[in-house]
Structure formats: structure tokens, C-alpha cells
2 protein chains.
Amino acid sequence: MRISKKAEYALRAALILAAAAPGRTLQIQELAESGTIPVKFLEQILLALKNGGLLRSKRGVGGGYQLDRPPRSISVGEIITIIDGSLSGLAQGIPTSGFPGAAGIHACLEQADRRTNDLLHSQSLADVLEADRARELLAFEI
Amino acid sequence: MRISKKAEYALRAALILAAAAPGRTLQIQELAESGTIPVKFLEQILLALKNGGLLRSKRGVGGGYQLDRPPRSISVGEIITIIDGSLSGLAQGIPTSGFPGAAGIHACLEQADRRTNDLLHSQSLADVLEADRARELLAFEI
DNA sequence: GCATTTCCCGACCATTCTGATGGGAAATGC
DNA sequence: GCATTTCCCATCAGAATGGTCGGGAAATGC
């Protein structure tokens, strides 16, 4: 029913990378500080994101991480899915038969899953950052 | 990210009650067998549903449970909410500031929550049973 | 008054999940 | 060859999940 801390951290890190100057690499340390994330925990997360095809990394002096694709083409849903395995699996494990309404309830939950999936896969990191800026502007005007 | 087993059982029990002849009371034993639910566990669940204003109960010989309202006016979302406390809290615990995109990501997840909430609160037990019957009919024609 | 059935506790338990932490191997740059 | 930084596996404590068990009180029907 919730998003895992791990996925939350992954989103933070991805957003920080997305907000950084394009082409710039950030090290785990910097990301951990900017996002207030435990370093070693973040390490695992970045690794997962890398293996998920989202990040590119470079070892050694001057190494670090950067997004492997433009922020416009990376969705919130994709990140959560990489980390948590799935996103909003309300229908997971629910039987499709065995008692009255079984198929119906499963279909219903599946539809809910589809909706959040669609929404979160349609929101890119760029969208999120823009929403953030729009919100700041609004706050300023008030 | 998932619906708890408890909520799943609650849905089963509610649907079984909804499918029964109106006005008929079912005992824990019957519900447990029809829904394949551990009896003592179900007891807790029915109690919660009763305190949530969904069920009416009667003690003693010939006692049991029945819905306190027509199936048309009880939603899937209501049941899950009573048992799990909330439904689809993707945005729960996500900060609204502290790093670039924080507000944006929170807003995004909140929107997803609103959508599943709307959907599941719009689906009544009656709807679910009907969907079930429609599906059976379809299977028959194939 | 006796059987039945819900009500309502509270304790316990096994397993899994979550949120980390630690230590070393392997690249890389100089 | 040495510092740096990622890679990767192993482990761990604590919480949550999904129950189980027991027992006594209170309705209700006969």
C-alpha cells in the first residue's frame, strides 16, 4: 500500500541527477548529502538503477553517476518499478475464482492498478521538476 | 503496495454476504468455509467490519451476520479502508520539500492515490457481483 | 437454565520484509 | 603504485504480516 523507502530514495537521487547540469557526474557522497540518504543504502539503489538501464557510472577519481537518458524520457513509474519490482500491485495474489464476486473483485483491483500505472508511467522526471517550479512560482505570488 | 490478506478476507466475506438472500444471516463458520478463511481470524475481521458500520450481528442460536446496508451502497474502497486504515497511500510519508522535485513527486503520487480512491469508492459490492455474472456469461459464449 | 453464538480481550509465534551496515574486490586516473 | 570510487555480497536488527490460541462475558432461543 506504500512506496518503499528504497524507491523513495531512488526517486530523490534520480531527480537530483535530473536537476544537475546535463553531462555532469555526481558521486554517491554528493547525492547522499543532497538527498539526505544513508550512503551505503544509496549505493545499492544506484546500482539497481544502473542495472535497470537508467544510470551510467564511472569508477575511480572523478567518477560518479549520471542519467543514461534525458529526464524527459525517464518516468516516475519506471524508477519505482525497477526498485520495488512492481508498482501498485493491488490485484496481486487475489484469486479470480472460489467465491461469489471473485472474478469481479480481481478485475476491479486490476483496473485500479492499470490506472496508477498509466499515470506514473506518463510522468517524466522533467515533468516533475517543472511541476515543482510551477508550484514555487505560485507560492511566490501568494 | 499490496492489499493485506485481512482486507482480502474482508472483501470475500462481504461479497458472500452480499450474494446471500437479502435478510439472511450467516454464521462465522459458514462464512469461513465459503471463503476459505481461518475462523478465528475471520472473527476479528467481522468484528472490525461491524464496528465500521458495515455489518449487523445477532448473538445466540440462529444468530450470525448480515450487511447493514444494501450491497449497492457499500463500496470496495470502504471495506479496504476499514481494514487497512487507508487504501493506496503511495504519497504517505513522502516529503514535500528538501530536494529538487520534492513537491512535484509528492503531488504526482497524491494524484495517483486520488484516482484509485475514486475508482474503488465508486465500485459497489453489487457492481462487483454483476461484473462477475457478466464475465461468466462471456465465458459461456466462448 | 442450558446450549449456542457473537463479543472482545490479550498473548504468542513463525516467517518475511525493510532499512540499513560492513568489508573487500575491481576499475580508473594520476 | 596509490588514492579514489564504484561494484557486490553477506549479514543483521527490528517491524510488519498472517495467523493461532485461549478464555471469559454477554446476548439469545428454547
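Protein chains get the first letters and strands the later ones, always in sequence-line order, with residue 1 at the start of each. Bear in mind the structure is a predicted one, so any value in this text is a computation, not a measurement.
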Peer 1: Just call it for B:R2: base, sugar-phosphate, or nothing, with non-hydrogen atoms closer than 4.0 Å on any strand.
Peer 2: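 Sugar-phosphate contact only.
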Peer 1: Is the shortest side-chain heavy-atom distance between A:L31 and A:L26 below 4.5 Å?
Peer 2: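 The answer is yes, as the side chains (C-beta and beyond) meet within the 4.5 Å cut-off.
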Peer 1: Under 4.5 Å between side-chain heavy atoms, hopping through other hydrophobics if needed: is there a path connecting B:L42 to B:L47?
Peer 2: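 Unlinked, B:L42 and B:L47 end up in two clusters.
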Peer 1: How many Å lie between CD1 on B:I37 and C1' on D:dT20, as a whole number?
Peer 2: 16 Å
Peer 1: Expressed as a whole number of angstroms, how long is the span from A:K6:NZ to C:dA20:P?
Peer 2: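 After rounding, the reported distance stands at 11 Å.
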Peer 1: Would you please confirm or rule out a distance under 4.0 Å between OP1 or OP2 of D:dC7 and any side-chain N or O of A:Y65?
Peer 2: yes
Peer 1: Give the minimum heavy-atom separation between B:R72 and B:S124, together with the two atoms involved.
Peer 2: O-CB, 3.2 Å
Peer 1: Could you state the interatomic distance from CD (A:E8) to CZ (A:R2), rounded to the nearest 0.5 Å?
Peer 2: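 Separation between the atoms: 8.0 Å.
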Peer 1: Tell me whether the side-chain N/O atoms of B:K58 come closer than 4.0 Å to OP1 or OP2 in D:dG29.
Peer 2: yes
Peer 1: Closer than 4.0 Å, any side-chain N/O of A:S57 to the OP1 or OP2 of D:dC7?
Peer 2: yes
Peer 1: Is any N or O donor-acceptor pair between the side chain of B:K40 and the base of C:dG10 shorter than 3.5 Å?
Peer 2: no
Peer 1: Tell me whether the side-chain N/O atoms of A:Y9 come closer than 4.0 Å to OP1 or OP2 in C:dG19.
Peer 2: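 Answer is no, no contact under 4.0 Å.
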Peer 1: Distance check needed: C:dA27 P versus A:I28 CD1, whole Å only.
Peer 2: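 Rounded to the whole Å, the gap is 17 Å.
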Peer 1: Once hydrogens and angles are ignored, does a donor-acceptor distance under 3.5 Å link the base of C:dC8 to the side chain of B:Q44?
Peer 2: no
Peer 1: Grab the CG-C1' distance between A:L55 and D:dT5 for me, whole Å please.
Peer 2: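 Whole-Å distance recorded here is 15 Å.
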Peer 1: Is there side-chain contact between A:R69 and A:L54, with at least one heavy-atom pair below 4.5 Å?
Peer 2: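 When only atoms from C-beta onward are counted, A:L54 and A:R69 do touch, with a gap below 4.5 Å.
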Peer 1: At 4.0 Å (heavy atoms only), tell me whether B:K5 reaches a base, stays on the sugar-phosphate, or touches nothing.
Peer 2: sugar-phosphate
Peer 1: Under 3.5 Å, side chain of A:E33 to main-chain N/O of A:E30, donor-acceptor pair present?
Peer 2: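 It does not hold such a pair.
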Peer 1: Could you report the tightest heavy-atom contact between B:A19 and A:P100, atom names first, then the distance?
Peer 2: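 Taking every non-hydrogen atom into account, CB-CB, 3.8 Å.
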Peer 1: Please work out if B:L46 contacts a base, only the sugar-phosphate, or nothing of the nucleic acid, heavy-atom cut-off 4.0 Å.
Peer 2: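 If one applies the 4.0 Å heavy-atom cut-off, B:L46 turns out to touch nothing in the nucleic acid.
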Peer 1: In whole angstrom, what separates B:Q27's CD from C:dA3's C1'?
Peer 2: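 Spelled out: CD on B:Q27 to C1' on C:dA3 is 13 Å.
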Peer 1: Check the distance between C:dA27's C1' and A:K50's NZ and give it to me in whole angstrom.
Peer 2: 10 Å
Peer 1: Could you provide the dot-bracket string of DNA chain D, using ( ) for intrastrand pairs, [ ] for crossing pairs and | for bases paired to another strand, with Watson-Crick or G-U pairs below 3.5 Å?
Peer 2: ||||||||||||||||||||||||||||||
Peer 1: From C:dA20, D:dC8, D:dT20, pick the nucleotide closest to the side chain of A:P38?
Peer 2: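 The answer is C:dA20.
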Peer 1: Taking atom P of C:dC7 as reference, at what distance in whole Å does atom CG of B:L42 sit?
Peer 2: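 B:L42 atom CG is separated from C:dC7 atom P by 11 Å.
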Peer 1: Assuming nearest nucleotide by heavy-atom distance, tell me which of A:S4 and A:G62 is located more 5' along DNA chain C.
Peer 2: A:S4
Peer 1: Measure from the side-chain heavy atoms of A:F41 and tell me the nearest of D:dT6, C:dC8, C:dA20.
Peer 2: C:dA20
Peer 1: Please assess A:R133 against A:E136 for the test salt bridge (charged side-chain N to carboxylate O under 4.0 Å, His left out), listing each intermediate value before the final yes or no.
Peer 2: CA-CA 5 Å; A:R133 275 194 287 277; A:E136 268 170 32; over 6 Å; no
Peer 1: In this structure, how many angstroms lie between the C1' atom of C:dC8 and the CG atom of B:L49, rounded?
Peer 2: 16 Å
